[in-house]
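Here is the structure we will look at, set down as structure tokens.
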Amino acid sequence: MNLCDEKTIRELLGRHGFHFSKSMGQNFLIDPQIPADIAAASGADETCGVLEIGPGIGPLTAELAQRAGKVAAVELDLSLLPVLSETMSPYPNVEIVPGDVMKLDLTALAEEKFQNLTPLVCANLPYNITTPVLTRLIEAPCFASFTVLIQREVAQRLAFPPGSRDSGSFSLFLQYYMETELLFQVPREKFLPAPKVTSAVLRCVRRPRPAVAVNDEAFFFRCVRGAFLLRRKTLANSLSAALPDFSKECIQEAIRRCGLPADIRGERLTLENFAELSAILAELAL
């Protein structure tokens, strides 16, 4: 069964009485080369267990099943379960896990499903939950990498190096833990129904250690988030609003000691800059 053929998809869904849900961000791929390329980019092989999020009718799942030792596909929409039961029947190494990825213990899930396998993630993520899902994946240290199809503009922003104008606090959070690479774009006409935007594949590989050394991660990320609190304001003004326990003069002194311009904005700072800035602020607070 060609799971990317539009006629086949419509017949399959009609047979099971399935209707697309806008709230779940359901857009199914209709070009078989795309799921093949995504699965290949994931680097999955027989030594890997792959967590897929939102398999839909299973075109990416099928490609992963032909490469990985096991695939566990988490599907929230219960109306897709009978569809997946049919489409995944040729693949004994695929297990469909009904549930909400935002509520599951992903580390426990990987330990249960991928014994003696290297856990990876590969998924076509709904646009409306991209950031919270990526956050959960970053915070589950068992996953060596994740390869995800997401909105192009988001993928570009997450792949920009820290210190570029379009970087943000989440970009820095991601790149603190992961090495990121924008792989390729997927036009909107490659989906059914077609979304309003172009998509892209982002690959993230977990670093053996964080990108920079910090003494207090919680405070480091308070500074990172605070730097983008008032995006159009200077770093000093934004941090003053975000860190009320520090005087503006203290923050200005820390910026000066970092060798940064007084009027610099948060998006211009690198991870190294934030590591130094947070360390100086912690020192000044003593």
Side-chain angles (χ1 to χ4, degrees), residues 125 127-141 146 148 150-183 197-198 200 202-286:
L125 293 181
Y127 295 152
N128 58 343
I129 60 168
T130 296
T131 297
V133 169
L134 290 180
T135 300
R136 297 216 67 209
L137 296 179
I138 294 166
E139 293 174 344
F146 38 94
V148 291
I150 58 179
Q151 185 175 340
R152 178 182 60 185
E153 287 72 16
V154 176
Q156 289 173 332
R157 187 164 62 249
L158 296 180
F160 279 136
S164 58
R165 186 169 56 184
D166 292 313
S167 67
S169 60
F170 186 73
S171 304
L172 291 162
F173 173 67
L174 175 65
Q175 294 185 33
Y176 177 79
Y177 292 106
M178 315 289 293
E179 295 180 359
T180 62
E181 182 182 5
L182 184 64
L183 298 183
V197 296
T198 299
L202 179 73
R203 178 163 167 77
C204 305
V205 177
R206 193 171 299 275
R207 300 178 186 273
R209 63 188 61 82
V212 293
V214 298
N215 292 326
D216 184 341
E217 279 192 356
F219 183 63
F220 168 77
F221 284 117
R222 268 189 76 192
C223 293
V224 170
R225 291 190 297 271
F228 295 91
L229 180 65
L230 304 174
R231 183 115 194 179
R232 296 183 180 181
K233 301 292 185 179
T234 65
L235 175 64
N237 285 334
S238 192
L239 283 179
S240 294
L243 304 175
D245 39 342
F246 289 86
S247 68
K248 187 171 183 180
E249 291 73 22
C250 178
I251 291 169
Q252 289 171 329
E253 171 63 11
I255 292 171
R256 185 192 67 77
R257 286 174 58 177
C258 286
L260 298 171
D263 60 350
I264 196 169
R265 294 186 178 182
E267 68 263 21
R268 306 307 300 179
L269 271 65
T270 64
L271 285 165
E272 291 78 10
N273 292 147
F274 277 112
E276 183 180 13
L277 179 65
S278 62
I280 293 173
L281 282 171
E283 177 187 327
L284 293 174
L286 297 177

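Count residues from 1 along the sequence.
- Residues Asn273 and Ile264 fail the side-chain proximity criterion, which asks for heavy atoms closer than 4.5 Å.
- With hydrogens and angles ignored, the 3.5 Å screen pairs a side-chain donor or acceptor of Gln175 with a backbone N or O of Phe160.
- Shown here for Ala236 and Ile251, the closest heavy-atom pair between the two residues is CA-CG2, 4.0 Å.
- Nearest heavy atoms, Ile255 versus Pro261: CG2-O, 3.7 Å.
- At a threshold of 4.5 Å between non-hydrogen side-chain atoms, the residues Gln156 and Leu182 count as touching.
- No donor-acceptor pair under 3.5 Å is formed between the side chain of Ser238 and the backbone N or O of Leu235.
- In this structure a side-chain-to-backbone donor-acceptor pair under 3.5 Å is missing from Arg257 to Leu277.
- Lys248 places a side-chain heavy atom less than 4.5 Å from the side chain of Asn237.
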side-chain contact (heavy atoms from CB on, under 4.5 Å), that's the test. Do Phe146 and Leu134 meet it? Break it down for me.
CA-CA 9 Å; Phe146 38 94; Leu134 290 180; 3.7 Å; yes
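- Residues Leu172 and Tyr176 form no side-chain contact, since every pair of their non-hydrogen atoms from C-beta on lies 4.5 Å or further apart.
- Sorted by first then second residue, the ring pair (Phe, Tyr, Trp, His ring centres under 6.0 Å) pairs that include residues 226-265, not counting sequence neighbours, are Phe219-Phe246.
- The two atoms that bring Ala159 and Thr180 nearest to each other are CA-OG1, 3.6 Å, heavy atoms only.
- To the nearest 0.5 Å, the span separating CZ on Phe173 from CZ on Arg225 amounts to 8.5 Å.
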Derivation of the side-chain contact (heavy atoms from CB on, under 4.5 Å) call for Ser278 and Asp216
CA-CA 8 Å; Ser278 62; Asp216 184 341; over 6 Å; no
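- Going from atom CD1 of Ile129 over to atom CZ of Arg136 covers 11.0 Å, rounded to the nearest 0.5 Å.
- Interatomic distance, Leu243 CG to Cys250 SG, rounded to the nearest 0.5 Å: 9.5 Å.
- What you find for Ala155 and Leu202 is that their closest heavy atoms are O-CD1, 3.9 Å.
- Taking all atoms of both residues into account, the shortest heavy-atom contact from Phe170 to Thr135 is CE1-OG1, 3.1 Å.
- Taken to the nearest 0.5 Å, the OG atom of Ser169 stands 11.5 Å off from the CG atom of Leu174.
- The CD atom of Glu253 lies 4.0 Å from the CZ atom of Arg256; values are rounded to the nearest 0.5 Å.
- Contact check for Val148 versus Val133: no side-chain heavy atoms found under the 4.5 Å cut-off.
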Would Gln151 and Thr130 count as a side-chain contact (heavy atoms from CB on, under 4.5 Å) here? Give the steps.
CA-CA 9 Å; Gln151 185 175 340; Thr130 296; 6.0 Å; no
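- Surrounding CG of Asp245 are more than 12 heavy atoms belonging to other residues, nucleotides or ligands, all under 6.0 Å away.
- Side-chain atoms of Arg265 come within 3.5 Å of backbone atoms of Arg232 as a donor-acceptor pair (strictly under, hydrogens ignored).
- Across all their heavy atoms, Phe274 and Cys223 have their closest contact at CE2-O, 3.7 Å.
- At least one donor-acceptor pair closer than 3.5 Å links the side chain of Ser171 to the backbone N or O of Arg157.
- Here Leu239 contributes atom CG and Lys233 contributes atom NZ; the two are 14.0 Å apart, rounded to the nearest 0.5 Å.
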